[in-house]
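Written below as structure tokens is the structure these notes are about.
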Amino acid sequence: MPTANHVPGVPSWIDLGSPDVARAAEHYRGVFGWTFHPLGPHAGEYGVFRHDGRTVAAAGPLTGDDARSAWTVYFQTADADATAAAVAEAGGEVRVDPFDVFTNGRMAQLTDPGGADFAIWQPGDTAGLDEVAAPGSLGWVELQTPDPAGVHDFYRAVFGWTVTTVPAAADDGAYTVFTLEDEAEAIPFGGVADLQEGERAHWLPYFEVADTDAAVSRNAALGGRAVLPTADLAGVGRMAWLEDPFGARCAVVTSSPA
């Protein structure tokens with residue numbers, strides 16, 4: 001799962017692009033109990049979500065005429081320029097060249113060869129999220145792509161991830177897990193799944209919750225919907241895929257005890 005140690009190569013930030021940041025903030029306050037804190041006039045409408053006083057996500061307005069509401073996963077890097085160059089060399093797209101976010105850090109917006117958007121974060125004053133893998137915070141990320149095997153080499157080349165296939169909980173299938181082999185430990189933080197028919201490739205964030213059914217109910221009561229109904233996965237936990245009122249998707253999971 002993600003780590004708050006901010007090791008290069010693992011998820012370290014996540015933000016929501018929304019056409020109505022204020023309403024979206026109210027929605028996620030109701031679903032997860034988050035509070036929204038604008039970063040001030042210099043940041044436009046951008047701000048951070050906090051849970052029990054710790055930064056767990058962020059949100060800002062959509063940019064670009066064709067942008068649609070979505071969550072973006074940021075992966076840590078020690079050198080945003082070098083990582084962006086590696087993305088281009090490995091067959092991906094650099095949608096927004098690396099740039100400085102005041103003194104907070106340096107970032108770039110990218111797309112993998114399968115069409116999934118993501119971003120990278122080189123820390124400055126802001127190292128990354130304060131909390132992960134706890135109720136109310138990011139617990140897992142999943143790449144949903146039309147060609148799971150086809151993107152393995154890309155992410156190995158860009159981030160050095162190890163790709164491991166493990167038995168799936170359903171229909172005797174298999175699930176691919178991305179792991180970063182750090183000097184101190186092996187960090188499994190994400191997986192790969194087949195793209196659902198009619199969808200476009202994307203990274204899906206999973207937020208840990210104390211009660212998946214309650215989170216699904218709160219999301220629906222606030223104008224969202226369940227994209228994938230609540231289900232139990234042996235050895236994983238109870239989960240569901242959700243969509244907020246503006247179409248941004250995430251998953252919720254109540255993980256099984258380790």
Side-chain angles (χ1 to χ4, degrees), residues 1-4 6 10-39 43 45-62 68-74 118-119 121 126-142 144 189-191 202-233 236-258:
M1 59 183 61
T3 171
H6 308 305
V10 301
S12 64
W13 194 257
I14 184 166
D15 64 17
L16 171 71
S18 178
D20 189 334
V21 175
R23 185 180 167 197
E26 283 299 303
H27 179 83
Y28 288 99
R29 181 181 66 82
V31 175
F32 296 126
W34 294 347
T35 57
F36 184 68
H37 302 264
L39 295 181
E45 296 180 66
Y46 197 87
V48 297
F49 288 114
R50 291 184 181 139
H51 187 258
D52 293 336
R54 298 178 179 178
T55 299
V56 293
L62 295 177
R68 66 177 190 173
S69 189
W71 285 97
T72 298
V73 178
Y74 290 65
F118 65 98
W121 182 252
T126 300
L129 301 174
D130 292 336
E131 184 169 67
V132 295
S137 68
L138 183 67
W140 190 254
V141 294
E142 184 175 80
Q144 299 189 357
F189 59 84
H202 61 281
W203 279 94
L204 182 73
Y206 282 66
F207 294 108
E208 189 74 31
V209 293
D211 186 330
T212 291
D213 295 86
V216 171
S217 295
R218 291 193 297 268
N219 182 69
L222 292 166
R225 71 182 185 97
V227 178
L228 183 72
T230 306
D232 292 308
L233 296 180
V236 176
R238 189 162 176 79
M239 54 158 286
W241 295 351
L242 307 181
E243 189 173 86
D244 74 15
F246 300 105
R249 292 186 178 182
C250 68
V252 291
V253 60
T254 304
S255 295
S256 300

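A quick note: this is a predicted structure, and the numbers were derived from the prediction, not measured. All residue numbers in this chain count up from 1 along the given sequence. Side-chain atoms are counted along with the backbone in the values below, which use heavy atoms only and exclude waters and symmetry mates.
Put simply, the side chain of Ser137 does not reach to within 4.5 Å of the side chain of Leu129, judged on heavy atoms. A 4.5 Å side-chain heavy-atom check between Arg50 and Asp130 finds every atom pair outside the cut-off. With contacts defined as side-chain heavy-atom distances shorter than 4.5 Å, the pair Ser69/Leu16 qualifies. You'll find the side chain of Glu142 reaches within 4.5 Å of the side chain of Trp241, heavy atoms only. Side-chain contact check for Val56 versus Trp34: some heavy-atom pair is nearer than 4.5 Å. Within the 4.5 Å cutoff, side-chain heavy atoms of Ile14 are placed close to those of Phe207.
Considering only residues two or more places apart in sequence or on other chains, Glu26 meets the salt bridge (charged side-chain N to carboxylate O under 4.0 Å, His left out) condition with Arg29. Remark: Asp232 engages Arg238 in a salt bridge (charged side-chain N to carboxylate O under 4.0 Å, His left out) (not counting sequence neighbours).
Ring pair Trp121/Tyr74 is perpendicular by interplanar angle, where above 60° counts as perpendicular and below 30° as parallel.
Atom CZ of Arg225 sits about 11.0 Å away from atom CG of Asp244, to the nearest 0.5 Å. Rounded to the nearest 0.5 Å, atoms CD (Glu208) and OG1 (Thr254) are 6.5 Å apart. In this structure, the separation between CZ on Arg218 and CG on Asp211 is 7.5 Å, given to the nearest 0.5 Å.
Of the listed residues (Trp13, Phe32, Phe36), just one forms a ring pair (Phe, Tyr, Trp, His ring centres under 6.0 Å) with Phe49, and that residue is Phe36.
When all heavy atoms of Leu204 and Cys250 are compared, the pair lying nearest together is CD1-CA, 3.7 Å. The minimum heavy-atom distance between Glu243 and Asn219, with the atom names listed, is O-ND2, 3.3 Å.
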